[in-house]
Amino acid sequence: TTRLLLLGDSFTFGQGTNYEDIWPVIVEKHLANTGHRHIDVVKAGIQGQNTRSELMLMQELIPKYDPDVIVVGFMINDLYDNSLYGLEEEKLEADPIGKNRVEDAPERSWFRTLQRTYVQNSRYSEFHLLSFLRRMLLASDRRYCQLYLASARGEFMTEPWTSEVAQKIRTTEILFNKMHEYASSK
């Protein structure tokens, strides 16, 4: 049996989509229909993930599932959220002179951002504001693209890159390199 580990964010999870229509299930069905019967697909898409959190999840799941193939679903919005927060010791060992240093204060960590996306509501125990906004935006591809380009994230779609965009892209490269190094060592 060949085991595939599919990591990703809400796109891999299938936010707002029927289960049978998400890309990991489509891949699984395609492989089965083309004679690849001994395939085990581990679907590890989680809403709100970015490349950094996918690296951390991958480090948990590789020892548990021992995958033969790892696929990371990457969306451009991950560039905006990626940071090396919490990976400083590894980063400094890999880059002792600080050439690739990317600062990210604890108050801007992914966990605090995640905490701020919940709204307490007396009628419901928790209402996920971010999911509601995504559903509203994804109802129209055109509206989503317009809003994306008008937001701060639109800077990733323009040239020349600002120093902040170049830094986020470099951060993402470092994270993918760490993924590759970890997966190759196991």
Side-chain angles (χ1 to χ4, degrees), residues 4-16 22-24 27 43-62 67 69-117 129-131 133-134 137-138 141-186:
L4 279 70
L5 173 60
L6 307 181
L7 297 164
D9 58 10
S10 58
F11 183 71
T12 302
F13 173 81
Q15 173 72 31
I22 65 173
W23 74 264
V27 167
K43 301 169 202 80
I46 299 176
Q47 298 167 333
Q49 294 277 67
N50 59 26
T51 312
R52 179 187 160 279
S53 53
E54 291 161 359
L55 166 64
M56 296 170 71
L57 181 61
M58 183 186 78
Q59 290 171 335
E60 287 182 36
L61 297 181
I62 284 179
V69 177
I70 301 168
V71 178
V72 178
F74 177 80
M75 301 298 286
I76 194 165
N77 62 304
D78 293 340
L79 289 170
Y80 189 78
D81 296 333
N82 281 336
S83 76
L84 297 175
Y85 180 75
L87 304 174
E88 284 82 12
E89 291 176 21
E90 294 174 30
K91 180 181 63 172
L92 292 176
E93 288 174 17
D95 184 23
I97 60 171
K99 183 176 110 184
N100 299 319
R101 181 160 301 182
V102 178
E103 300 298 330
D104 194 4
E107 62 270 14
R108 297 203 52 203
S109 74
W110 66 272
F111 183 70
R112 291 193 188 271
T113 301
L114 183 64
Q115 286 177 318
R116 287 192 299 262
T117 64
L129 181 60
L130 188 57
S131 293
L133 290 173
R134 280 188 186 157
L137 294 173
L138 294 176
D141 290 341
R142 183 170 188 236
R143 186 175 20 179
Y144 178 79
C145 289
Q146 287 173 334
L147 186 62
Y148 194 92
L149 290 172
S151 74
R153 296 176 183 206
E155 67 185 338
F156 290 95
M157 306 297 257
T158 61
E159 290 186 326
W161 289 334
T162 65
S163 61
E164 292 83 15
V165 168
Q167 185 178 27
K168 288 292 189 173
I169 290 170
R170 180 65 188 133
T171 296
T172 302
E173 289 174 342
I174 292 168
L175 290 167
F176 273 114
N177 286 336
K178 288 187 176 298
M179 284 181 162
H180 176 72
E181 289 167 14
Y182 183 80
S184 297
S185 71
K186 300 300 170 191

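When the side chain to side chain contact (heavy atoms under 4.5 Å, CB included) test is applied to Ser151, the partners found at least two apart in sequence or on another chain are Arg153. Checked against ring pair (Phe, Tyr, Trp, His ring centres under 6.0 Å), Phe13 has no partners two or more places apart in sequence or in another chain. Remark: Glu155 engages no residue in a side chain to side chain donor-acceptor pair (under 3.5 Å) (not counting sequence neighbours). With sequence neighbours excluded, the residues forming a side chain to side chain contact (heavy atoms under 4.5 Å, CB included) with Glu181 are Asn177, listed by chain and number. Annotation: side chain to side chain contact (heavy atoms under 4.5 Å, CB included) contacts of Ile62 (sequence neighbours excluded): Leu5, Met58, Pro67, Ile70, Tyr182, Ala183, Lys186.
A distance of 11.0 Å separates CZ in Phe11 from CG in Asn77, rounded to the nearest 0.5 Å. To the nearest 0.5 Å, atoms CD1 (Ile174) and CD1 (Ile169) are separated by 12.5 Å. Put simply, CD on Glu173 and NE2 on His180 are 14.0 Å apart, with the number rounded to the nearest 0.5 Å. The distance from atom NZ of Lys168 to atom OG of Ser83, rounded to the nearest 0.5 Å, is 6.0 Å. Atom OG1 of Thr12 and atom CE of Met75 lie 8.5 Å apart (nearest 0.5 Å). Taken from CD in Gln59 to CG in Leu55, the straight-line distance is 4.0 Å, to the nearest 0.5 Å.
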* To do: Walk me through it: do Asp78 and Gln49 pass the test side chain to side chain contact (heavy atoms under 4.5 Å, CB included)?
  => CA-CA 8 Å; Asp78 293 340; Gln49 294 277 67; over 6 Å; no

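The shortest heavy-atom contact between Pro24 and Leu6 is CB-CD1, 3.5 Å. Residues Arg52 and Leu175 share a closest heavy-atom pair of N-CD1, 3.7 Å.
Put simply, the side chain of Asp81 never gets that close to the backbone of Asn50: no donor and acceptor are under 3.5 Å apart. Proximity of a side-chain donor or acceptor of Asn82 to a complementary backbone N or O of Thr51 within less than 3.5 Å is detected.
Phe74 places a side-chain heavy atom less than 4.5 Å from the side chain of Leu79.
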